[in-house]
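Just below is one structure, and these are the notes that go with it.
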There are 2 protein chains.
Amino acid sequence: MKLNTKSRYAVMALADMSKFPLNNPISLRDISLRQSISLFYLEQIFLKLKKNDIVKSVRGTNGGYVLRRDPKNIKLSEIFQAVDQKVKTVGCKKDSKKGCNGKSAKCITHELWDELEVYINNFFDNKKLSDLLITKERNN
Amino acid sequence: MKLNTKSRYAVMALADMSKFPLNNPISLRDISLRQSISLFYLEQIFLKLKKNDIVKSVRGTNGGYVLRRDPKNIKLSEIFQAVDQKVKTVGCKKDSKKGCNGKSAKCITHELWDELEVYINNFFDNKKLSDLLITKERNN
DNA sequence: TAATACTTGACTATTTTAGTCGGGTATATA
DNA sequence: TATATACCCGACTAAAATAGTCAAGTATTA
């Protein structure tokens, strides 16, 4: 069970943005430099964030990206769903009658994974982008 | 964020075993048939479960594997740690002074991932193998 | 002694991840 | 209006992880 870089970078980048005055565009180039994330990779990520209405873009000189809402109102779960497809724990379809590769009575553990999925999503639902900023300054 | 088959199969296989009288060996071949998991793959998995003292082996005819403890006393977290290496959310080392790829002040999100890791491990700590059996029979 | 079943390490195909790249388009400002 | 900036977008690729296979054993029991 592992977190991918896309999710991690997305949260890092948005947290980075949150530290500056909202409503003035921040370029990916700046974020790239500050967070040492590849510019090209950030472009990919922000395309998804834009499609999911988490940021909007401002093109041209002095352009960049702007948060669509106050960090207080941006759940981490939204960011994850935008960038990562989803938290996935089971292979088999959720409500298929067949379920679990066509064999019946097999998935004793099916409900467990569903529960885990809900549990994890719950974590992200209860965290806001703004929560990351309160954190005390790191001393290194 | 995804769960791998090894973890899933391990739990499925052990849950399968729990439904039979403890202390009499259950062969991987049987588990393989009942749960439709490749025998070879199960062998790999059970090697790890054995190394981690979750099961013991009985060789020879009528041999198989036996749970070392009552399912009430087997935490899912143990199974996970045995089979999967670990729940991992961060790339950077936990307590390194450098931290986060050598750049300072970068990992605003570091503590978040740590927190998530604890949160998930907590889920598995509180689930016992026996908890899976109580579940009502599935109707497909 | 034959059959069963664990033991172990090596091997492989496929998929996913992480990231790169090229050739765009829009816009502010000099 | 020219130009530099910065988003836009799809295609591509290397490397790692995953999922699974296989072969050649050893131990045990009937």
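Proteins get letters first, then strands, A, B, ... in listed order; numbering begins at 1 in each.
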Protein-nucleotide distance (B:N24, atom CG; C:dA5, atom C1'), rounded to Å
15 Å
Using a 4.5 Å cut-off on heavy atoms from C-beta on, say whether the side chain of B:Y9 contacts that of B:L14.
no
What does B:Y65 touch in the nucleic acid at a heavy-atom separation under 4.0 angstrom: a base, only the sugar-phosphate, or nothing?
sugar-phosphate
Gap between atoms CD1 and P, on B:I45 and C:dT8 respectively (whole Å)
16 Å
From CE of A:M1 across to P of D:dA17 the rounded distance in Å is 17 Å
Separation of atom NZ in A:K2 from atom P in C:dT15, rounded to whole Å
18 Å
Is there a side-chain contact between A:K127 and B:L112 in this structure, where contact means two heavy atoms from C-beta onward sitting under 4.5 Å apart?
yes
Identify the heavy atoms of B:V66 and B:P25 that sit nearest to each other, and give their distance.
CG2-CA, 3.7 Å
Figure out the NZ/P separation between A:K48 and C:dG19, and round it to whole Å.
14 Å
Any side-chain heavy-atom pair from B:L116 and A:F124 closer than 4.5 angstrom?
yes
In 5'-to-3' order, the base (B), backbone-only (S) or no-contact (-) status of each nucleotide in nucleotides 20-30 of chain D, using a 4.0 angstrom heavy-atom cut-off, is BBB--BBBBBS
Can you tell me if B:K50 touches the phosphate of C:dT7, counting only side-chain N or O atoms and a distance under 4.0 Å to OP1 or OP2?
yes
Expressed in angstrom and rounded to an integer, what is the separation of A:N4 atom CG from C:dT15 atom P?
19 Å
Pick the closest DNA chain C nucleotide for B:S27 and for B:K51 by heavy atoms, then say which residue is nearer the 5' end.
B:S27
Over how many whole Å does the gap from A:L28 atom CG to D:dC9 atom P extend?
13 Å
Going by atom types alone, do B:S77 and B:D125 pair a side-chain donor with an acceptor below 3.5 Å?
yes
Under a 4.0 Å threshold between the charged nitrogen and the carboxylate oxygen, would B:E43 count as salt-bridged to B:K50?
no
Expressed as a whole number of angstroms, how long is the span from B:L3:CG to D:dT18:C1'?
13 Å
ILVMFWY network linking A:F40 to A:I45, side-chain heavy atoms under 4.5 angstrom:
no
